[in-house]
Amino acid sequence: MSPIEQVEPPRSPQETLPTMYDLPSEDSEEPGVPDEYHILQPELLSATFCPPNYAADEIFVASDLNLYYDPQHYNWYKRPDWFAVLGVSRLYNNRELRLSYVNWQEGIRPHVVIEFLSPGTRNEDLGRRERRTQQPTKWQVYEQILGIPYYILFDRYTDELQIFQLEGGYYQPLELTEPKIWLPHLEIGLGLWLGEYRGITRNWLRWSDLQENWIPTPTEQERQEKELAQQQLEQERQEKELVQQQLEQERQRAERLAERLRQAGINPDEI
């Protein structure tokens, strides 16, 4: 693509550089075509990603979406398995779904990116250049070009979780004593959860809150609310039964007292 001619005074990159409408949104030759796991795991991450300091309409999450990062090379992009951006509109220009994420148009870099290691993409994800290309590796893009605060790698075959935090311009590994960690920049935790999601039981990556409680999906939240409502109804039923039992006991005591009074020659109705 030929450079776009500038005018005086110079216009902003948002005006002169390509937008998501001008750039490809998919590439059939891209390695690591998503399998079922690459559909379900990002879905669970998106459903439980709720940083407390941001409203839902200020959070954008995506999986297998082209991430354009270099205004000098318009067609260069990476396609993260999952990433999140905070403080940006959920919709592009507050009105429509994104075709891709064009960093120079959006003006806000992703805050966390997650890659699921697979044989076809492992070397690229780990920053090892395998193919002869001018393009930088994912590691270089995330670390040096975009400066994404957290880069997370997960190997579903070994359940190995690696988390790197940007410090001084370079990724430093975070030491994990267990497969979970608190990410202070995001005010949210991440860890491995052994459970059933969409009918599949395995170790899943999942977000958690400050108290290390797993953040529920909307479906789980709805089920929990229904269970709580049922528990409240059951408690109310039990309380009503208890009141009825107490009233019956009082009635029976009154009848016994009245009978004793009659036996003693006293009319209880005249007392």
Side-chain angles (χ1 to χ4, degrees), residues 12-15 17-26 30 32 34 38-39 41-71 73-116 125 136-154 163-167 169 171 174 181-190 205-209 215 217-218:
S12 68
Q14 285 80 6
E15 297 177 285
L17 296 180
T19 70
M20 71 175 188
Y21 302 108
D22 307 310
L23 299 167
S25 60
E26 58 185 350
E30 181 74 7
H38 280 72
I39 296 173
Q41 176 61 92
E43 186 180 272
L44 178 59
L45 286 170
S46 297
T48 59
F49 186 70
C50 303
N53 295 330
Y54 293 87
D57 59 0
E58 297 177 325
I59 300 172
F60 174 68
V61 297
S63 60
D64 287 304
L65 189 78
N66 287 1
L67 171 60
Y68 289 91
Y69 56 88
D70 189 344
H73 299 89
Y74 302 147
N75 289 314
W76 285 9
Y77 66 87
K78 297 302 177 185
R79 200 174 175 90
D81 288 327
W82 189 89
F83 70 95
V85 191
L86 303 177
V88 69
S89 171
R90 167 68 182 82
L91 299 176
Y92 183 70
N93 285 337
N94 293 308
R95 64 174 181 267
E96 61 182 299
L97 297 173
R98 286 177 174 83
L99 302 172
S100 56
Y101 194 86
V102 185
N103 194 69
W104 59 79
Q105 288 287 331
E106 303 282 358
I108 300 180
R109 66 186 177 183
H111 289 71
V112 58
V113 63
I114 299 177
E115 298 286 358
F116 309 127
D125 294 340
T137 64
K138 288 181 180 178
W139 187 289
Q140 291 170 319
V141 171
Y142 302 157
E143 177 190 67
Q144 300 169 20
I145 298 177
L146 292 179
I148 298 175
Y150 293 105
Y151 181 32
I152 298 170
L153 299 170
F154 179 59
I163 301 179
F164 299 88
Q165 182 176 347
L166 195 68
E167 294 182 4
Y171 280 136
L174 299 182
I181 197 166
W182 177 255
L183 304 179
H185 292 174
L186 303 181
E187 292 296 315
I188 199 169
L190 181 70
L205 271 182
R206 183 170 186 154
W207 300 103
S208 61
D209 62 20
I215 297 174
T217 66

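In this text, all values refer to a predicted model and were calculated from it rather than measured experimentally.
The ring pair (Phe, Tyr, Trp, His ring centres under 6.0 Å) test applied to Trp104 returns no partner, not counting sequence neighbours. Checked against side-chain hydrogen bond (donor to acceptor under 3.5 Å, both in side chains), Asn93 has no partners two or more places apart in sequence or in another chain. Ala56 pairs by the side-chain contact (heavy atoms from CB on, under 4.5 Å) definition with nothing, not counting sequence neighbours. For Ile108, the side-chain contact (heavy atoms from CB on, under 4.5 Å) partners are Val85, Val88, Tyr101, His111, not counting sequence neighbours. Legend: residues meeting side-chain hydrogen bond (donor to acceptor under 3.5 Å, both in side chains) with Glu143, ordered by chain and number and at least two apart, are Trp139. Listed by chain and number, the residues in a side-chain hydrogen bond (donor to acceptor under 3.5 Å, both in side chains) with Asp70 are His73 (sequence neighbours excluded). Annotation: side-chain contact (heavy atoms from CB on, under 4.5 Å) contacts of Leu153 (sequence neighbours excluded): Glu115, Leu117, Asp125, Leu126, Tyr151, Gln162, Phe164. Under the salt bridge (charged side-chain N to carboxylate O under 4.0 Å, His left out) criterion, Glu43 pairs with Arg198, sequence neighbours left out. By the side-chain contact (heavy atoms from CB on, under 4.5 Å) test, Pro184 pairs with Tyr150, Trp182, sequence neighbours left out.
Ring pair Trp82/Phe49: centre-to-centre distance below 6.0 Å.
Residue Asn66 holds its CG atom at 4.5 Å from OH of Tyr77, rounded to the nearest 0.5 Å.
Of the residues listed (Leu146, Leu65, Ile152, Ile114), the one engaging Phe83 in a side chain to side chain contact (heavy atoms under 4.5 Å, CB included) is Leu65, and it is the only one.
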Working for side-chain contact (heavy atoms from CB on, under 4.5 Å), residues Asp81 and Asp64: CA-CA 5 Å; Asp81 288 327; Asp64 287 304; 3.9 Å; yes
